[in-house]
Amino acid sequence: MMKFSIISILFVFINGEFEMKNLCTDRNATSKSVIDYCKSQNGSLEFRCCFLSNSTNILAIDLTEMHLNKVPDLIEFTNLINVTMMDLRLNPQLKSSDKDDFLGMKYLDYLFLPEQYSCPGEKRIWQVINKTTDPIGIVCMHQKDFCTNSTDTCIEPNSYCVSNGPNHFLCLCKNGYYGYKCLRYGQFRIGIFFGISITVTVILSILFYVTQRRHVKKD
Amino acid sequence: MSTNTNISSETDDNVTTPLIQRPTRHRYTLYHLSTFILTFVSYAMLHAARKVFSNVKSTMAEEWSPVANETIRPIKPDNIWNQTRLFNSPGDATIFLGVLDALFMFSYATGLFISGIIGDRFDLRIVLCSGMIVTAIMIFLFGVLSEWLHIYKAAWYISFWILNGLAQSTGWPCVVAIMGNCRGLIFGIWSACASVGNIFGAALAASFLTYGYEYPFLVCTVLLICCAIICFFAIIPSPADVGMEIKHVNTSTEETTTRVNDRETGEETEIIVKTSESTATKPITFFRAWVLPGVAMYSLCYACLKLVNYSFFFWLPFYLHAKFRWQESDADLLSTLYDVGGIIGGIVGGLISDLVGLRSIVVVPALLTAIPMLFVFSGLANDKTANGVVMTVTGVFIGGPANMISAAITADLGRQEILAASDQALSTVTGIVDGTGSFGAAIGQVLIPLIEKRWKDWRFVFYFFVLMTFVTCCCILPLFIRECKIAINKIKTRYAAHRQRNYDTI
């Protein structure tokens, strides 16, 4: 029994380890676009991923033929934050979920998608959308700034729009505003307030006591 | 109190009409002035604390809930926009805030009865100051600590707001009793303290709200504690404490000699008896206070009137927003105008009734004038100036009598001749009248949204107000008729004396 539990824990641990490194260390990159791009940026290819020198963040990644169900997200793979090119073709099971796909990938400039998955945001977000033939898919190029192309973004007062990946945005608080829902502005001067009120209280109490209650007769 | 026994015995044998105590000499000393200012400021501060809550309500509703009415995409980041701290939407939070208001009014009303009794049994100064300090602590816990420590729990808010209601109820009976002990002051101007408190509270809320909704509460807390400390060192609850009462007793016994001149030998013993009695006063029992003439009637009438006054003042911004789509700041400004009208009405009404010597002949006509004003207001168009003017005038004719009843008339009831000179009744009577009034207001708080929901039309709310105003008049009708007779008698005797004098000079 003990042996079984130890082995299962080890299995899960190893699986987890695999999960972490799964993205890059599967096999060598095959996508021509990724390889060419990596070379043009003077990056170094490490299996599927292209790294710039002196950086642990992935520049371009080839995710073709990975049997992916969903787009990898930044929460799980934090080094995708600066990714500029992503190739997701040849993943026939890939399903889109508008709410959190590509959330946070602000620098994504070249997105290759399988044919069942359309560019997030379509022409509103991408400057160029083309079909590709080798492998078959769609390419979305050059993200537009979400905030300047959309009217109904941050309607709450005291907030402004900031792009946060294709078809995503953040509403941050304007300068000087802070707190929940950006409702607060300015700092309350506790020191001055207490100083003044205590001083005035002491002065008035002494004044009134001397002029009034001192005359109170105790029966 | 014995100053006025002979005035009433001339006119009416059964002393059921509480007449105003007109002092023989107006002696305004520094003591009078400081008492006036201190009680005025104390009650204004207490009332300001209540108004602060009203004005920061919408911000609190926002802070307790995530963003409402999300369009196709939810607004991120979540920690700025989407925390469900207590409620799922600002609408739910608003309902909860309405519940808090109703609970406050009920606990305030209950507390008034209790505080009235306490005020007559203990040192008024101590009761007032401890009430103010407890209120300050409750407000701090309710509004400030809950935000600083992020304690967003409905039970927390409910319990501390109820305790706040009980603590705040110590204010009114004490200040009226202190002012009542100090005779000869102009109650009309003084009774504006509640409205001034409202205006101050609104100003506080407006100034400090941008730093966060807990800062108006914090400022209120600190100001209340400072006020309590100053009052503790400064207020003298009764002229007897500084030896001023003895003078009054002397002048009053001079008056009684005209009536009891066959007991001149007994006069000196009377003086001695009176002075010793005035230092050993005993508080009236709760039930005896209820059966005092005029108390039950005025309590009932005040219940109806305060219902109208409070509901009008309270639901007005909501009504203006619902009917005309006004901004909150505009609606708040208009309810301030209603307050201003109440101040003017209270002062003018108080002064006129002080001069004439009779109260209800000022109150009843004012209320009857208010009825058509309410009709006019319910039919007004969306014009800011017209609404503002009608609002102020309505405030004069409804808020004015309300202020008069709660201050001047209550003080008369608590110091009337039927009480023996030794009875401390003012605080208890104030507690009873204002307590009944507040229950009426609390019931109104609950009824108004029900009426509006049932008939889907604000006009029915106004009809309800008209009905309540009419019931108020009916309650004091017996008193009104009696005072009319007295007034007519007075005019007749004065006219007859004038003719006599003319006749003599000829």
Side-chain angles (χ1 to χ4, degrees), chain A residues 98-100 103-104 121 146 150-159 161-162 164-165 167-173 176-190 193-219, chain B residues 30-31 34-35 37-38 41 59-60 62-83 85 90 125 147 150 208-216 218-219 222-223 225-238 240-244 279-280:
Chain A
D98 277 331
K99 267 188 11 175
D100 28 43
L103 183 65
F146 183 88
S150 191
T151 43
D152 65 324
T153 43
C154 292
I155 47 172
E156 296 291 319
N158 307 329
S159 65
C161 178
V162 138
N164 192 32
N167 220 15
H168 299 292
F169 67 102
L170 286 177
C171 290
L172 300 178
C173 296
Y177 293 88
Y178 62 100
Y180 187 61
K181 293 189 183 175
C182 306
L183 286 169
R184 289 153 195 254
Y185 183 84
Q187 281 292 340
F188 181 72
R189 310 282 198 79
I190 286 193
F193 175 68
F194 274 102
I196 295 181
S197 19
I198 293 179
T199 319
V200 169
T201 309
V202 166
I203 292 177
L204 283 178
S205 306
I206 296 178
L207 179 76
F208 273 112
Y209 183 73
V210 160
T211 55
Q212 303 283 318
R213 281 206 66 85
R214 213 168 36 142
H215 305 297
V216 170
K217 295 182 173 46
K218 309 268 184 215
D219 55 67
Chain B
L30 193 67
Y31 154 68
S34 69
T35 311
I37 293 177
L38 287 167
V41 171
T59 310
M60 287 178 94
E62 292 287 327
E63 288 258 359
W64 284 342
S65 54
V67 170
N69 286 342
E70 308 225 66
T71 46
I72 309 163
R73 23 176 90 77
I75 302 184
K76 302 275 174 182
D78 275 340
N79 68 324
I80 296 184
W81 305 104
N82 275 321
Q83 289 187 44
R85 288 166 164 180
R125 180 180 60 116
E147 174 63 27
H150 298 293
F208 293 103
L209 193 51
T210 88
Y211 301 120
Y213 75 89
E214 71 271 22
Y215 287 105
L218 180 66
V219 170
V222 173
L223 288 179
I225 294 183
C226 294
C227 241
I229 295 175
I230 296 176
C231 286
F232 182 76
F233 284 113
I235 282 191
I236 300 165
S238 156
D241 294 345
V242 279
M244 289 179 87
T279 50

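Remember, predicted model here, so these are calculated numbers, not experimental data. First the proteins, then the strands, lettered A, B, ... as listed; each starts at 1.
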Excluding sequence neighbours, so at least two apart, what forms side chain to side chain contact (heavy atoms under 4.5 Å, CB included) with B:C227?
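B:C227: side chain to side chain contact (heavy atoms under 4.5 Å, CB included) contacts with B:V41, B:M45, B:M132.
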Pairing residues for B:Y211 by the side chain to side chain contact (heavy atoms under 4.5 Å, CB included) criterion, not counting sequence neighbours
A:F188, B:F208, B:Y215
Identify which part of A:Y178 has an atom lying under 4.5 Å from any heavy atom of chain B, answering side chain, backbone, both or neither.
side chain
Could you pull out the closest heavy-atom pair between A:C171 and B:W81, with the gap in Å?
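For A:C171 versus B:W81, the nearest heavy atoms are O-NE1, 2.9 Å.
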May I ask you to list the residues in residues 198-207 of chain A that approach chain B closer than 4.5 angstrom, counting heavy atoms only, ordered by number?
A:T201, A:L204, A:S205
Part of residues 179-186 of chain A lying next to chain B, heavy-atom separation under 4.5 Å:
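Under the 4.5 Å heavy-atom cut-off, A:G179, A:Y180, A:K181, A:C182, A:L183, A:R184, A:Y185, A:G186 qualify.
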Kindly check if the number of other-residue, nucleotide or ligand heavy atoms within 6.0 Å of CZ (A:R189) is above 12?
no
Nearest 0.5 angstrom please: B:L218 CG to A:F194 CZ, how far?
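Here the rounded value is 5.0 Å.
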